[in-house]
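Here's the structure, in structure tokens; my notes come after.
Every heavy atom of this structure was used, including side-chain atoms; hydrogens, water molecules and symmetry mates were not. One-based numbering, in listed order, for ligands and for the atoms of each.
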Amino acid sequence: MKYWNPYLETLPREAYDEIELSYFRNMLSFAKEHSVLYQEKLKGIEGRDIQSLVDLRKIPFTEKEELRKYQEMDPFPYGGTLGSHIEKVTTFRQTSGTTGKPVYVPETYESWQWRIEAWCHILYMAGFRPHHRIFLPFVYNVYVAFWEGHYAAEKLGCELVPGGGLDTKGRIHKILEIQANAMMNTPTYGLHIAEEAKAMGIDPASLGIERMLCAGEPMPSATRKRLEELYQCHVFDHIGGTEPCAWAGMCETKEGMHLIEPFFLVEILDRETLQKEVEEGEVGVAVVTPLGRRSFPLIRFNTKDLVIKGKEPCACGRTSKKIEEVVGRIDDLRKIRGVLFSPKTVEEVIRKGFPEIIEYEIVVERKGIMDEVILRTEFPPNFGAMKADQIKARLREDLKVKTNLSFLVKIEPPGVLPRYMLKAKRFRDMREGGKNE
Ligand SMILES: [Zn+2]
């Protein structure tokens, strides 16, 4: 079968809009009735006021900061964000808190099942099927990462092998021992496993992985292709978050991502005014309303994810809207020497043209009145200083072309830069007022 839910994945556009608007109205009424946050926030707005997508603009966005504020109330720790009775909550998740106090996210059994169903769409769309034995090289934690993937894979009939509690070498041995043929991991950790396998004298392509779903970090297409080359497998991306859930995923065409409709109502809004929907091919901010999750109602959640709106229809036959690309997080965009800079561009340059670089970090500092951008790089052991110096010169040129900034490229000894399992932090802004996470 081509689709996980053939009916829902091939609806005509008008049907999606109609269903989503009707779910939205229901969710709005539910939120006003059950969550203190929305009782206060949406005073004077009723479900019936929302008759078209344009009417959505009457409703204010929900920002992460508000969630934090309302969580200071009772009942602990969810406070006024809770949409169900506290005794109905069966699962605790939280955000990583890299931008401040974590947000605690309650799921009832019902809302958790709703999240998993949305994830089934993502996994099935990425070609995961019952014959896959999926290795999860990851330690489950308080974060949402891979919990949904785990349960969704089970629901699809795949076989799950939890790979927590092992180091990277141990995980590589386990993949070979049990003949796993699929993985779910962060792009960074996928690269790290490949690096470690090579150091052990094992070609990553011989691990037998045929399909990989990535999560946790924005993945430039150069990184996705790099993983495909290393493992000789198909690599898919998706986007989501702890609060809004996973709301878009890549199909077999690997051209952009499908919104998971009608589970979510996603608006892609002009980033200056946050008012109007952008055109196809333009960059906008994703504003997401999960339409069936009641334990933690969210109305027009500002994800601060910058995405490029995609084109329809898709060759796979699905009729949902698409995003062409994830540009990155608004919080990561910086003005450096008057130039707008996104760290994702550096990753794109490195993964595309410099596979020798195994780890890197970008540091912005203020020297006197000038901003300085330093790129710390790491090469494999015994790489050879002369070869590294040549690469350094070429890298400086490529970065200049792509970012319009001159980088100071430094070569660090092997093993100096940190390695990441989840949410790599390769960008540090040390300037006064710069947000250093
Ligand atoms: Zn498609």
Quiz item: Taking the inter-plane angle between the rings of Phe341 and Phe427 on a 0 to 90° scale, is it parallel (under 30°), tilted (30 to 60°) or perpendicular (over 60°)?
Solution: tilted

Self-check item: Derivation and outcome, side chain to side chain donor-acceptor pair (under 3.5 Å), residues Arg426 and Thr188
Solution: CA-CA 11 Å; Arg426 296 194 177 96; Thr188 298; 3.1 Å; yes

Quiz item: side chain to side chain contact (heavy atoms under 4.5 Å, CB included) with Arg293: which of Glu110, Arg115, Gln113?
Solution: Arg115

Exercise. Any side chain to side chain donor-acceptor pair (under 3.5 Å) involving residues 348-358? Give me the pairs, sequence neighbours left out, ordered by first then second residue.
Key: none

Exercise. Could you name all protein N, O or S atoms found under 2.8 Å from the Zn ion (ligand 1)?
Key: Cys251 SG, His258 NE2, Cys314 SG, Cys316 SG

Exercise. Take atom NZ of Lys32 as the centre, draw a 6.0 Å sphere, and report whether it contains more than 12 heavy atoms from other residues, nucleotides or ligands.
Key: yes

Quiz item: Would the number of heavy atoms belonging to other residues, nucleotides or ligands and lying under 6.0 Å from OH of Tyr109 be above 12?
Solution: no

